[in-house]
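Step one of this worksheet: look at the structure below.
Both backbone and side-chain heavy atoms feed into the values below; hydrogens, waters and symmetry mates do not. Below, chain A is the first sequence line, B the second, and so on; all start at residue 1.
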Number of protein chains: 4
Amino acid sequence: MPKLGAEPIRRAALVKATIETVGEAGSLEVTVAQIARRAGMSSALAHHYFGSKSQIFLAAMRSILTIYGAEVRGALAAASGPEARLRAIVLGSFAAGSFRREAISAWLNFYVLAQKSPEARRLLTVYQRRLKSNLLHELRPLVGPRAEEVARGLGALIDGVYIRASLVDGAPDRDYARRIVQEYLDRELENRT
Amino acid sequence: MPKLGAEPIRRAALVKATIETVGEAGSLEVTVAQIARRAGMSSALAHHYFGSKSQIFLAAMRSILTIYGAEVRGALAAASGPEARLRAIVLGSFAAGSFRREAISAWLNFYVLAQKSPEARRLLTVYQRRLKSNLLHELRPLVGPRAEEVARGLGALIDGVYIRASLVDGAPDRDYARRIVQEYLDRELENRT
Amino acid sequence: MPKLGAEPIRRAALVKATIETVGEAGSLEVTVAQIARRAGMSSALAHHYFGSKSQIFLAAMRSILTIYGAEVRGALAAASGPEARLRAIVLGSFAAGSFRREAISAWLNFYVLAQKSPEARRLLTVYQRRLKSNLLHELRPLVGPRAEEVARGLGALIDGVYIRASLVDGAPDRDYARRIVQEYLDRELENRT
Amino acid sequence: MPKLGAEPIRRAALVKATIETVGEAGSLEVTVAQIARRAGMSSALAHHYFGSKSQIFLAAMRSILTIYGAEVRGALAAASGPEARLRAIVLGSFAAGSFRREAISAWLNFYVLAQKSPEARRLLTVYQRRLKSNLLHELRPLVGPRAEEVARGLGALIDGVYIRASLVDGAPDRDYARRIVQEYLDRELENRT
DNA sequence: AATGAATGAGGATTCATTCAT
DNA sequence: GATGAATGAATCCTCATTCAT
């Protein structure tokens with residue numbers, strides 16, 4: 001009897017393996033065979049499920065962004081009031097599922113992918129927009145007209161902290177990362193009227 | 001027709017072509033033949049002068065960082081006093097030679113290269129350190145004990161602005177980029193005692 | 001149409017094709033593509049099964065030495081008594097599978113390979129040692145203390161006859177070859193006390 | 001003033017360098033550039049003097065055979081009487097100029113070259129014939145009708161000792177080599193009527 | 001569903017050879 | 001005479017992708 005739901009399991013395994021493989025290699029120049037082997041299947045099967053290498057990459061990217069989104073939402077759920085929610089978004093951006101060695105490296109590589117692949121670019125843009133809209137929503141009551149510029153700065157800063165974390169070897173330092181964005185936030189909020 | 005002193009000319013042409021090719025492709029997955037063709041020579045000659053593809057990449061990366069360093073130094077030369085010098089560094093980081101489409105894309109790709117190539121990583125680290133030391137030097141008289149944390153934030157923010165610029169198509173918006181970091185700076189400086 | 005158990009078949013075909021190709025070319029400077037074409041497959045498949053050109057060569061060399069060993073053993077099986085066995089070894093060295101145009105030329109080339117490849121050298125040394133030990137075993141009862149020196153002479157003479165056969169075009173003259181070593185043997189044996 | 005005789009000096013340097021390079025590499029797969037560098041000149045000049053790589057090889061081969069011939073002739077000059085002359089030929093075959101690491105390895109490789117290059121084959125054949133004729137001349141008065149077969153055996157044995165010497169690393173053992181052929185000779189001569 | 005088999009299309013790299021100076 | 005410059009042609013090897021089973 002064919003296992004029910006083999007497909008979603010296989011796809012998930014491939015997505016996970018892709019992030020790990022790309023993360024470890026620090027590059028998109030990994031082979032489908034490597035990914036498939038890590039996922040415990042043949043490369044032919046990987047093609048069967050995803051059609052092409054770039055579809056595999058896209059699926060992995062979606063996964064990374066989905067996890068990121070979920071973590072931010074999770075942090076938000078526990079917070080009430082604009083400032084608490086704002087801090088939750090910012091800190092949630094460095095939660096365990098996203099701010100880990102492989103995911104960071106994979107994320108960087110998907111930024112590169114977005115240079116070429118319109119679909120990858122679209123994904124990234126959507127997430128940036130969503131983050132910005134989230135930030136703005138909480139910032140407006142806090143800093144009023146400066147909300148727009150603070151949101152821009154926060155978005156860029158988060159990405160900057162991520163990209164710099166990609167250069168460190170070993171586990172990324174979450175506290176250090178969070179401190180940088182929190183200080184930025186503190187500075188902005190202490191000035192509010 | 002062999003000319004005397006062809007080597008430096010050829011090498012420079014290859015470096016330039018590499019940045020353009022990688023910038024256009026938005027990826028390191030370009031062939032030596034593509035680069036060589038753009039530089040007006042055979043791929044064999046490119047190998048003759050650089051030995052290997054990775055040496056070509058490294059030379060291009062050095063070139064990017066050298067240009068960046070020169071532009072920051074150039075901006076610094078015209079400024080006097082800590083605050084002016086600080087703003088010069090930060091604005092110089094987005095000068096014309098560095099903050100242009102191809103260079104940004106190539107820079108992003110060299111970040112990726114640094115994940116794998118120790119030499120590339122070394123180059124990047126040296127430049128980050130140099131920038132930070134420059135920032136600290138001017139920040140200390142201005143913000144005293146907070147210099148360290150502001151320098152960290154500025155460094156990350158500059159990188160963040162760069163990586164986000166890599167996603168925009170068309171010419172990058174220098175003013176927009178500068179505004180983001182300037183606002184950060186303004187905020188930090190207005191609070192100084 | 002993939003068949004089960006294709007691997008051993010393909011490998012054997014490649015080994016055969018290698019010996020033929022090297023034999024015909026009279027040189028190791030043959031391409032994997034040539035070998036693969038003769039074996040009826042793509043060069044990619046050849047690499048898939050052997051990993052590298054040198055592994056292909058090594059496998060071919062092993063094959064040649066295995067055939068040689070089998071032929072000598074075959075000849076030995078039918079002989080009884082030291083002298084008969086000794087003559088069997090010597091004559092078996094020129095049996096049909098080994099002493100043929102292509103195999104001789106390939107053998108010569110593998111001698112060259114052994115200058116550079118430690119594994120190739122090991123293979124050759126093992127076979128020389130085995131031959132010598134076989135010879136000594138039969139020679140001791142026949143010529144006593146001179147066994148060692150006769151064995152050395154016979155070994156060198158067999159190789160000498162082979163290398164000279166490599167220069168003749170057309171089919172090698174087995175009888176001529178055998179006569180040379182037999183005369184050597186006759187001379188040594190007639191002198192025994 | 002252009003040096004008189006630059007050409008013969010350059011050619012000789014290239015021939016010497018070729019033998020050394022091939023000997024060291026243990027293979028004909030050496031580049032013209034390697035040879036030229038060792039000879040202290042550009043590869044372009046090597047081509048200027050020899051026209052092509054194969055001409056360089058042929059010249060080196062001629063040199064090896066010439067040295068061999070000279071050494072045998074030298075040994076012959078000091079000997080009188082058939083047996084002495086016969087032993088001189090055989091021992092002369094292992095004189096210092098020929099029976100040395102590089103020359104042996106180069107000689108083996110030239111045997112390979114002779115499989116493909118008619119001119120190389122011609123050179124080798126000429127030398128084999130000359131050796132045989134020399135041997136026969138002295139053997140006839142010593143072993144009469146068996147001269148032919150002894151000459152054949154001696155020729156093959158000398159080549160066999162050479163090829164086996166090619167497998168040993170370090171300096172070849174001249175005494176060991178000579179002993180093998182001398183024992184053969186002793187055996188043949190003691191039986192003469 | 002799953003895979004071993006198979007390959008076409010490259011891509012980095014090497015090298016003999018040529019040529020202008 | 002001598003060489004740096006330059007390249008076309010190869011060659012090994014890799015890999016995404018397809019297909020029959």
Quick one: is [N] close enough that its OP1 or OP2 comes under 4.0 Å of any side-chain N or O from [X]?
X        : N       : answer
Arg10(C) : dG4(E)  : no
His48(A) : dA1(E)  : yes
His47(C) : dC13(F) : yes

Min side-chain heavy-atom separation Glu24(B)-Gln115(A) under 4.5 Å
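In short, these two side chains do not touch, never coming nearer than 4.5 Å.
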Rounded to the nearest Å, what distance is computed from the [atom1] atom of residue [X] to the [atom2] atom of nucleotide [N]?
X        : N       : atom1 : atom2 : result
Glu29(C) : dT14(E) : CD    : P     : 17 Å
Leu14(D) : dT3(F)  : CG    : C1'   : 14 Å
Ile56(C) : dC13(F) : CD1   : P     : 8 Å
Leu28(C) : dT11(F) : CG    : C1'   : 15 Å
Arg11(D) : dA2(F)  : CZ    : C1'   : 16 Å
Met41(D) : dA2(F)  : CE    : C1'   : 10 Å
Phe50(A) : dT18(F) : CZ    : C1'   : 19 Å
Lys53(B) : dT14(F) : NZ    : C1'   : 13 Å

Quick one: which of [options] gets closest to the side chain of [X]?
X        : options                  : result
Thr31(A) : dT17(F), dA16(F), dG4(F) : dA16(F)
Ala44(A) : dG4(E), dT7(F), dC15(E)  : dG4(E)
Leu45(B) : dC15(F), dT17(F), dA6(F) : dA6(F)

Which nucleotide, in any strand shown, forms a Watson-Crick or G-U wobble pair with dT17(E), with both distances under 3.5 Å?
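WC or wobble partner is dA6(F).
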Taking for each residue the nucleotide of DNA chain F with the nearest heavy atom, is it Gly40(B) or Val32(C) whose nucleotide lies nearer the 5' end?
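The residue mapped nearer the 5' terminus is Gly40(B).
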Any chance you could measure Ser117(D), atom OG, to Met61(D), atom CE, to the nearest 0.5 Å?
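These two atoms lie 7.5 Å from each other.
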Salt-bridge present (Asp169(A), Arg121(B); N to O < 4.0 Å)
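So Asp169(A) pairs with Arg121(B) through a salt bridge.
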Salt-bridge present (Glu119(A), Arg122(A); N to O < 4.0 Å)
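Between Arg122(A) and Glu119(A) there is a salt bridge, with a charged N closer than 4.0 Å to a carboxylate O.
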Hey, which sits more toward the 5' end of DNA chain E by its nearest nucleotide, Ser54(D) or Tyr49(A)?
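The 5'-side residue here is Tyr49(A).
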Could you tell me whether Ser43(D) contacts a base, only the sugar-phosphate backbone, or nothing, with contacts defined as non-hydrogen atoms closer than 4.0 Å?
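The answer is base, as Ser43(D) lies within the cut-off (heavy atoms under 4.0 Å) of a base atom.
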Let me know which of Leu65(C), Leu123(C), Leu28(C), Leu58(C) forms a side-chain contact (heavy atoms from CB on, under 4.5 Å) with Phe110(C).
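One option only clears the test, and that one is Leu28(C).
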